[in-house]
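Values in this document were obtained by computation on a predicted structure and should not be read as measured data.
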Amino acid sequence: MTMTNTEHNTSTAAGDIGAEAAAASAAGSATAAGPVTEEMLARGRRAHDLDRKHVFHSWQAQGPFNPMTIVRSEGTRVWDGEGRELLDFSSQLVNTNIGHQHPAVVRAIQDQAADICTIAPQHVNDARSEAARLIAEIAPDGLEHVFFTNGGADANEHAIRMARLHTGRQKVLSAYRSYHGGTNLAVNLTGDPRRFANDNPGDGVVHFMPAYPYRSYFGSTTEAEETERALRHLEDMITLEGPQNIAALLLETVPGTAGIYAPPAGYLEGVRELTERHGIMFIADEVMAGFGRTGEWLAIDHWGVTPDLITFAKGVNSGYVPLGGVIISDEVYSSFVDRQYPGGLTYSGHPLACAAAVATITAMRDEGMIENAKRMGDEVIGPRLEEIKAKHPSVGDVRGMGCFWAIELVKNRETREPLAPYGGSSDAMNAVMGAIKEGGVLPFANFNRIHVVPPLNVSEADVRTALDVIDRALDVADGYVE
């Protein structure tokens with residue numbers, strides 16, 4: 001995964017970006033005079049030195065990596081090791097859905113720590129019980145039970161285990177251009193290049209082509225064609241692999257780091273029909289798309305489809321304390337009423353994490369964050385990105401919903417050649433990311449895409465500011481268009 005938002009040194013932009021960046025930097029320094037102290041900066045310098053000596057980072061070649069230091073975070077902003085203020089339009093790893101340091105969630109963690117810091121999962125704890133109730137309340141009817149994990153990867157692993165035990169089958173279908181986690185089975189379920197070095201064909205995973213209208217694998221020219229052809233392909237895969245062998249189909253409702261491409265109309269309904277017809281468990285991976293990110297509590301709500309299992313993490317408590325889980329249908333739950341479920345985690349339903357989830361869900365409701373995310377997507381982000389697309393020849397496609405959008409950059413709109421290769425980055429993308437960061441915005445990038453993924457409680461003013469910065473930075477991308 002190419003994460004240029006975590007690089008400390010990035011290429012600088014050409015032209016008038018430099019003057020605007022200098023002004024933004026000066027403004028950031030002035031703002032930082034309040035919240036960022038010299039003591040914080042000194043701690044940050046020491047932390048960076050210790051990091052380079054002792055910390056082994058994920059998804060990185062350790063030698064050339066020079067990570068950005070964060071010394072403070074609040075709301076939609078972070079401050080780096082030089083005291084510069086940045087609008088966080090990455091939501092870190094698209095998980096700080098309520099922004100940084102939300103006081104109600106911080107207080108809930110503090111109060112829980114003063115009461116019970118931790119308790120084994122076999123005991124009842126009020127924070128865990130209440131979190132499970134709230135999560136089940138958000139889920140579709142018939143999914144009433146929650147198994148807690150530490151994050152999204154192990155949520156997907158346990159969902160597959162449940163499906164295999166429930167059906168007595170072994171194979172799992174998963175789409176290309178997907179990401180399901182970094183643990184052994186989860187990374188094999190993943191359908192992007194992060195899987196390559198970890199491939200284990202013995203895990204029983206079979207990949208199929210997704211419905212992806214912009215880069216259709218089926219030669220489709222309309223959404224209706226894409227839906228019909230992608231479903232025909234999936235049905236063929238089920239037939240050729242033997243439906244009696246397939247335990248589950250795992251699908252990100254809206255793929256996240258793989259491109260934020262929503263399914264075309266009718267596709268998810270067709271997937272649900274195929275899985276029901278063949279007794280295959282449909283697992284909706286809502287780890288990134290869930291808990292308000294798309295402008296609904298769960299992304300699956302946009303299509304009114306009810307899966308057998310739903311996996312979640314990230315936004316459930318904004319990542320304040322690690323938490324994930326599986327929401328289980330009554331049918332799957334019934335398999336474990338009279339037989340033991342052979343799986344568990346020491347920190348399943350950790351009280352601090354669950355207290356954070358209760359406070360996060362409550363704050364989302366009380367403060368109208370889901371509604372705000374929907375309005376930002378419908379009225380601000382979507383229309384502005386369409387304007388940006390019309391203006392910049394480097395923009396091949398813009399797509400998304402809520403606070404979950406992608407800008408796909410290309411060298412040529414006709415051929416759709418990406419500005420960075422599949423599975424990698426490029427000097428062009430690094431230059432664009434550098435220009436965005438110099439403009440005072442912390443971006444999220446993957447391959448040839450910029451992801452616009454602010455916290456759900458972001459203000460309209462902050463959205464417009466960040467999109468103006470991205471607009472100017474895309475002048476750099478235009479310079480690479482053939």
Asks: To the closest 0.5 Å, what do you measure between SG (C354) and CG (L323)?
Replies: 5.0 Å
Asks: Using atom types as modelled and distance alone, determine if a side-chain donor or acceptor of D80 lies under 3.5 Å from a backbone N or O of G83.
Replies: yes
Asks: For D471 and H392, test the side chains for any donor-to-acceptor distance below 3.5 angstrom and give the result as yes or no.
Replies: yes
Asks: Quick one: does any side-chain atom of D378 pair with a main-chain N or O of R375 as donor and acceptor, under 3.5 Å?
Replies: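 Here the side-chain-to-backbone pair does not exist.
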Asks: Main chain of L93, side chain of N95: is a donor-acceptor contact present, judged purely on distance under 3.5 Å?
Replies: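 The answer is yes, because a donor-acceptor pair under 3.5 Å joins these two groups.
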Asks: Within this structure, what is the CD1-CD1 distance for the pair I407 and I470, rounded to the nearest 0.5 Å?
Replies: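 Atom-to-atom, I407:CD1 and I470:CD1 are 5.0 Å apart.
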Asks: Evaluate the criterion ring pair (Phe, Tyr, Trp, His ring centres under 6.0 Å) for residue pair Y261 and Y214; output intermediate values, then yes/no.
Replies: CA-CA 9 Å; Y261 56 97; Y214 182 65; over 10 Å; no
Asks: Between CD1 of I361 and CD1 of I135, what distance do you get to the nearest 0.5 Å?
Replies: 5.0 Å
Asks: Would you call E387 and R384 a salt bridge, using N to O less than 4.0 angstrom?
Replies: yes
Asks: Ignoring hydrogens and angles, tell me if any N or O in the side chain of E223 forms a donor-acceptor pair with the backbone of A265 under 3.5 Å.
Replies: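 Pair found, side chain donor or acceptor close to backbone of A265.
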Asks: How are the rings of Y217 and Y212 set relative to one another: parallel (under 30°), tilted (30 to 60°) or perpendicular (over 60°)?
Replies: tilted
Asks: Hey, does the Lys NZ or Arg CZ of R128 hover above the aromatic six-ring of F148, less than 6.0 Å from the centre and inside 45° of the axis?
Replies: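 Verdict for F148: no cation-pi partner in R128.
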Asks: State whether W79 and R84 meet the cation-pi test: NZ (Lys) or CZ (Arg) under 6.0 Å from the six-membered ring centroid, and within 45° of the perpendicular axis.
Replies: no
Asks: Is a side-chain donor-acceptor pair under 3.5 Å present for S90 with D88?
Replies: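 The answer is yes; a qualifying pair exists.
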Asks: So does G151 get a backbone contact from the side chain of D154, meaning a donor-acceptor N/O pair under 3.5 Å?
Replies: yes
Asks: Given E408, which of L419, N448, V395, I260 fulfils the side-chain contact (heavy atoms from CB on, under 4.5 Å) condition?
Replies: N448
Asks: Backbone N or O of L189 within a donor-acceptor pair of the S174 side chain at under 3.5 Å?
Replies: yes
Asks: Would you say the side chain of V452 lies within less than 4.5 Å of the side chain of I381, judging by non-hydrogen atoms?
Replies: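 Answer yes - side chains close enough.
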Asks: Run the salt-bridge test on K411 and E417 with the 4.0 Å N-O cut-off and return the result as yes or no.
Replies: yes
Asks: Is K314 paired with E286 through a side-chain N to carboxylate O contact shorter than 4.0 Å?
Replies: no
Asks: Assess the side chains of T294 and H302: does a donor N or O sit below 3.5 Å from an acceptor N or O?
Replies: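 Yes, a side-chain donor-acceptor pair sits under 3.5 Å.
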Asks: Looking only at heavy atoms, which two atoms of M401 and A262 are closest? And how far apart?
Replies: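 M401 and A262 have their closest heavy atoms at CE-CB, 3.8 Å.
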Asks: For the pair R43 and E39, find out whether any cationic side-chain nitrogen is under 4.0 Å from an anionic carboxylate oxygen.
Replies: yes
Asks: Identify whether the distance between the nearest side-chain nitrogen and carboxylate oxygen of R215 and D397 falls below 4.0 Å.
Replies: no
Asks: Answer with yes or no whether the side chains of S220 and E225 bring together a donor and an acceptor at under 3.5 Å.
Replies: no
Asks: How long is the straight-line distance from CG of N372 back to CG of N457, given to the nearest 0.5 Å?
Replies: 7.0 Å
Asks: Should P255 and R177 count as side-chain neighbours, where that means a heavy-atom distance under 4.5 Å?
Replies: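 Answer no - side chains too far apart.
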Asks: Regarding K391 and D478, does a basic nitrogen lie under 4.0 Å from an acidic carboxylate oxygen?
Replies: no
Asks: Could you go through the side-chain contact (heavy atoms from CB on, under 4.5 Å) check for M364 and I370 one step at a time?
Replies: CA-CA 7 Å; M364 284 183 174; I370 313 298; 4.2 Å; yes
Asks: Decide yes or no for T118 and H350: does some side-chain heavy atom of the first lie under 4.5 Å from some side-chain heavy atom of the second?
Replies: yes
Asks: Just checking Q62: does its CD atom have more than 12 heavy atoms from other residues, nucleotides or ligands closer to it than 6.0 angstrom?
Replies: yes
Asks: Does a side chain donor of either E252 or S178 reach within less than 3.5 Å of an acceptor in the other side chain?
Replies: no
Asks: State, to 0.1 Å, how close A373 and G295 come at their nearest heavy-atom pair, and which atoms those are.
Replies: CB-CA, 4.3 Å
Asks: Distance to the ring centre below 6.0 angstrom and angle to the axis at most 45 degrees; does that hold for R194 and Y179?
Replies: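 Cation-pi check for R194 and Y179: passes.
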Asks: Can you tell me how far apart OG (S348) and CG (N150) are? Round to the nearest 0.5 Å.
Replies: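 CG of N150 is found 7.5 Å from OG of S348.
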Asks: Between R464 and D468, is the closest basic N to carboxylate O distance under 4.0 Å?
Replies: no
Asks: Are side-chain heavy atoms of V321 and I109 found at a separation under 4.5 Å?
Replies: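 Sidechains of I109 and V321: in contact.
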Asks: Looking at every heavy atom in both L185 and E157, which two are closest together, and how far apart are they?
Replies: N-OE2, 2.8 Å
Asks: Treating T76 as the side-chain partner and L87 as the backbone partner, does any N or O pair qualify as donor plus acceptor under 3.5 Å?
Replies: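 No; judged by distance alone, with no hydrogens or angles, the pair does not exist.
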Asks: With side-chain contact (heavy atoms from CB on, under 4.5 Å) as the test, would you mind laying out the steps for F312 and V287 before giving the verdict?
Replies: CA-CA 4 Å; F312 66 89; V287 169; 5.6 Å; no
Asks: Can N188 and H180 be counted as having a side-chain donor-acceptor contact under 3.5 angstrom?
Replies: no
Asks: Quick test of your reading of the model: are K374 and E379 salt-bridged, counting only N-O distances below 4.0 Å?
Replies: no
Asks: Would you indicate whether the side-chain heavy atoms of N184 and N198 approach each other to under 4.5 Å?
Replies: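 Not touching, per the 4.5 Å side-chain cut-off.
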Asks: Do R72 and T37 have side-chain N/O donor and acceptor atoms under 3.5 Å apart?
Replies: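 The criterion, which ignores hydrogens and geometry beyond distance, is not satisfied for T37 and R72.
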Asks: How close do H451 and G256 get, counting heavy atoms only, and between which atoms?
Replies: CE1-O, 3.3 Å
Asks: Does the side chain of E85 reach to within under 4.5 Å of the side chain of V36, using non-hydrogen atoms?
Replies: no
Asks: Check this for me, if you would: do E137 and R365 make a salt bridge, where the nitrogen-to-carboxylate-oxygen distance has to be below 4.0 angstrom?
Replies: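 Here E137 pairs with R365 in a salt bridge, since their nearest N and O are under 4.0 Å apart.
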Asks: Testing the basics here: between T253 and A284, what is the closest heavy-atom pair and its distance to 0.1 Å?
Replies: OG1-CB, 3.8 Å
Asks: Would you say that more than 12 heavy atoms from the other residues, nucleotides or ligands in this model lie under 6.0 Å from the OH of Y347, or not?
Replies: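 Result for OH/Y347: open.
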Asks: Answer with yes or no whether the side chains of D285 and N156 bring together a donor and an acceptor at under 3.5 Å.
Replies: yes
Asks: Between H233 and F208, how do the two ring planes meet: parallel, tilted or perpendicular, split at 30° and 60°?
Replies: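 Ring orientation of H233 relative to F208: tilted.
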Asks: Restricting to non-hydrogen atoms, name the atom on N317 and the atom on A356 that form the minimum distance, rounded to 0.1 Å.
Replies: CB-C, 3.6 Å
Asks: Under the criterion side-chain contact (heavy atoms from CB on, under 4.5 Å), I'd like the reasoning laid out for V172 against V206: C-alpha separation, chi angles, the key distance, then a yes or no.
Replies: CA-CA 6 Å; V172 181; V206 178; over 6 Å; no
Asks: For side-chain contact (heavy atoms from CB on, under 4.5 Å), just list the numbers for V453 and W405, CA-CA rounded to whole Å, side-chain angles, deciding distance to a tenth of an Å, and then say yes or no.
Replies: CA-CA 6 Å; V453 285; W405 293 79; over 6 Å; no
Asks: How would you list all residue pairs meeting ring-ring contact (aromatic ring centres under 6.0 Å, His included) that involve residues 84-113, not counting sequence neighbours?
Replies: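 For residues 84-113, and leaving out neighbouring residues, there are no ring-ring contact (aromatic ring centres under 6.0 Å, His included) pairs at all.
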Asks: Mind checking the CD-CG spacing from Q92 to N97? Nearest 0.5 Å is all I need.
Replies: 12.0 Å
Asks: If we count only N and O atoms by modelled type, under 3.5 Å, do the side chains of H48 and R46 hold a donor and an acceptor together?
Replies: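 No, R46 and H48 have no side-chain donor paired with an acceptor closer than 3.5 Å.
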Asks: With the side chain counted from C-beta on, respond yes when V469 and R472 share a heavy-atom pair under 4.5 Å apart, and no when they do not.
Replies: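 Counting from C-beta outward, V469 and R472 do come under 4.5 Å.
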Asks: Could you tell me whether the side chain of V463 reaches within less than 4.5 Å of the side chain of T465, counting heavy atoms only?
Replies: no
Asks: Has the side chain of S318 got a donor or acceptor atom that lies under 3.5 Å from a matching backbone atom of Y320?
Replies: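 A pair under 3.5 Å: no.
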